[in-house]
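Report on one structure; see the data block that follows.
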Amino acid sequence: MTLSFRTLSFKLGILPSMLVASLALGACQNSTSTNEKEKTEHAKAVDNKVMASDADETTDEPITDNKSAEQAMISTLSDHRWTLISVMGNESQPLNELAAVKDEVRLSFNQYQGQNTLNYSVGCNTISANYQLQGSVLSVDDSMSTKMLCADLNAAENSLIELMEGDSQIVVTKNDASQEEQAVLTQLTNEETTLVWEGQLTDQAKYNNKGETVFWAVNAKKTSCNDTTSEMCLQVKPITYDNQGIKSSEGQWAPFAGVIDGYQPDGKHDEVLRIQRYALDADTNTAANDNRLEAPSEAYAYVLDAVIESSVAE
């Protein structure tokens with residue numbers, strides 16, 4: 001009897017310990033299950049975040065490419081000065097008022113104070129507006145204009161303003177038929193009028209640097225280029241103006257064997273020219289407003305900006 005009681009006591013003593021161990025094991029299993037669940041959910045969250053990040057990167061790439069394409073187009077537009085070569089209405093009929101003066105119709109794209117601007121003219125007023133480019137869609141804001149009266153050009157000017165404002169589709173192509181670096185801009189307006197412009201590279205784009213402004217006097221009479229040849233050259237001298245536009249100094253007359261692009265001397269007038277000078281070699285060092293006559297002249301390209309004085313030679 002005593003043995004049975006002890007055996008029973010022993011068994012009863014073991015039961016609580018086994019119950020505690022069972023509960024602890026269950027809690028441990030639940031804890032492990034919870035930890036595994038948390039790890040799984042965390043891994044899913046990380047995967048989702050990575051997928052979302054990849055999706056964002058995939059979405060951003062075309063936008064970056066579009067911006068690059070637009071910037072390239074804007075650069076191409078601003079690197080040229082455009083002249084109208086044809087204009088056709090929506091029924092392939094020419095707009096006579098514009099077609100009659102197309103050689104005088106000009107268009108240029110610029111950047112001013114962080115904004116894209118364009119200027120255009122039919123040979124009378126200068127008309128300006130801000131523009132935006134999204135893909136191939138050119139959007140032109142309302143225009144501002146100078147107020148000169150040009151009776152013969154009013155109809156053409158009003159027609160061009162109406163065509164330019166608003167949205168239009170544009171495309172730029174290379175003019176393969178040209179020997180020079182030219183481009184063709186085709187513009188289709190919302191009214192289905194097609195404007196075709198021919199672009200000539202600006203001097204700044206052509207020479208890949210910003211020109212320096214210099215002033216030269218040009219004598220109507222040419223002079224010998226040097227003592228060993230009978231070739232005749234322009235006779236020029238540099239002129240300097242102060243901040244008020246008053247002539248402050250003059251250099252010495254010297255022969256100039258180069259070419260001033262855009263200038264045609266007539267041999268009858270003494271003239272003062274405002275010239276844009278472009279260094280042809282990136283290593284050429286020039287100081288701003290330095291009017292000295294360089295030798296050799298091949299180090300620079302000279303482009304006529306304006307004739308600011310002209311008088312009949314004595």
Side-chain angles (χ1 to χ4, degrees), residues 81-83 101-108 110 119-128 145-153 157 180 200-207 209-226 229-280 286-314:
R81 294 293 177 263
W82 305 91
T83 301
V101 296
K102 61 182 178 62
D103 293 340
E104 302 300 322
V105 180
R106 300 286 190 268
L107 172 65
S108 63
N110 309 282
N119 300 317
Y120 55 95
S121 172
V122 299
C124 182
N125 290 292
T126 298
I127 306 154
S128 303
S145 173
T146 55
K147 301 299 181 182
M148 293 187 295
L149 295 177
C150 308
D152 295 339
L153 296 174
E157 186 172 271
E180 300 180 2
Q200 183 71 47
L201 269 181
T202 64
D203 295 314
Q204 183 170 334
K206 182 177 180 180
Y207 299 114
N209 64 81
K210 185 177 180 179
E212 295 175 295
T213 301
V214 296
F215 297 89
W216 284 1
V218 179
N219 198 303
K221 297 179 181 180
K222 290 187 176 182
T223 188
S224 176
C225 293
N226 55 58
T229 179
S230 59
E231 185 179 358
M232 303 298 285
C233 289
L234 286 178
Q235 189 175 186
V236 303
K237 66 178 177 180
I239 295 178
T240 303
Y241 295 87
D242 62 21
N243 292 334
Q244 284 72 43
I246 300 174
K247 188 182 297 182
S248 58
S249 67
E250 297 184 14
Q252 299 296 318
W253 290 107
F256 175 68
V259 175
I260 303 174
D261 189 17
Y263 178 61
Q264 294 292 335
D266 61 9
K268 299 178 181 179
H269 292 81
D270 296 327
E271 296 175 314
V272 176
L273 311 180
R274 185 175 67 211
I275 296 171
Q276 293 298 311
R277 181 179 65 184
Y278 298 90
L280 299 180
T286 58
N289 299 321
D290 181 1
N291 283 350
R292 289 176 300 172
L293 301 179
E294 283 75 20
S297 60
E298 291 80 3
Y300 299 91
Y302 300 88
V303 180
L304 177 66
D305 191 4
V307 177
I308 62 174
E309 291 183 24
S310 182
S311 61
V312 177
E314 296 180 356

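Values below: all heavy atoms of this structure, side chains included; hydrogens, waters and symmetry mates excluded.
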Considering only heavy atoms from C-beta outward, does the side chain of Thr83 approach that of Gln200 to under 4.5 Å? no
Side chain to side chain contact (heavy atoms under 4.5 Å, CB included) between Leu280 and Tyr207, intermediate numbers included: CA-CA 7 Å; Leu280 299 180; Tyr207 299 114; 3.6 Å; yes
Where is the tightest heavy-atom contact between Ser108 and Arg81, given as atom of each residue plus distance? CB-CD, 3.6 Å
Which atom pair, heavy atoms only, marks the closest approach of Cys233 to Ala257? SG-CA, 3.6 Å
Roughly how far apart are Ile275 CD1 and Tyr300 OH, rounded to 0.5 Å? 13.5 Å
Keeping the roles fixed (side chain from Gln235, backbone from Lys221), state whether a donor-acceptor pair exists under 3.5 Å. yes
Give a yes or no answer on whether the side chain of Asp203 reaches the backbone of Val303 with a donor-acceptor pair at less than 3.5 Å. no
Measuring only between side-chain heavy atoms, which start at C-beta, is Tyr241 closer than 4.5 Å to Val272? yes
Gap separating the CG atom of Leu234 from the CZ atom of Phe256, nearest 0.5 angstrom: 7.5 Å
Does some side-chain heavy atom of Thr240 sit less than 4.5 Å from a side-chain heavy atom of Phe215? no
For the atom pair CE (Met232) and SG (Cys225), what is the distance rounded to the nearest 0.5 Å? 7.5 Å
Nearest heavy-atom contact between Cys124 and Leu153 is CB-CD1, 3.9 Å
Minimum-distance pair of heavy atoms, taken over all atoms of Ser121 and Gly123: OG-N, 2.9 Å
Search all heavy atoms of Trp216 against all heavy atoms of Pro238 and return the closest pair with its distance. CD1-CA, 3.9 Å
Donor-acceptor pairs are to be reported for all side-chain atoms of residues 307-314 against protein atoms at under 3.5 Å, with residues two or more places apart or in another chain.
{"residue": "Ser310", "atom": "OG", "partner": "Glu271", "partner atom": "OE2", "Å": "3.3"}

Taken to the nearest 0.5 Å, the spacing of Asn209 CG from Tyr278 OH works out to 8.0 Å
Of all heavy-atom pairs linking Leu304 and Gly262, the shortest is CD2-O, 3.4 Å
Test side-chain hydrogen bond (donor to acceptor under 3.5 Å, both in side chains) applied to Asn125 - qualifying residues, sequence neighbours left out: Thr146, Glu157
Going by atom types alone, do Gln276 and Thr213 pair a side-chain donor with an acceptor below 3.5 Å? yes
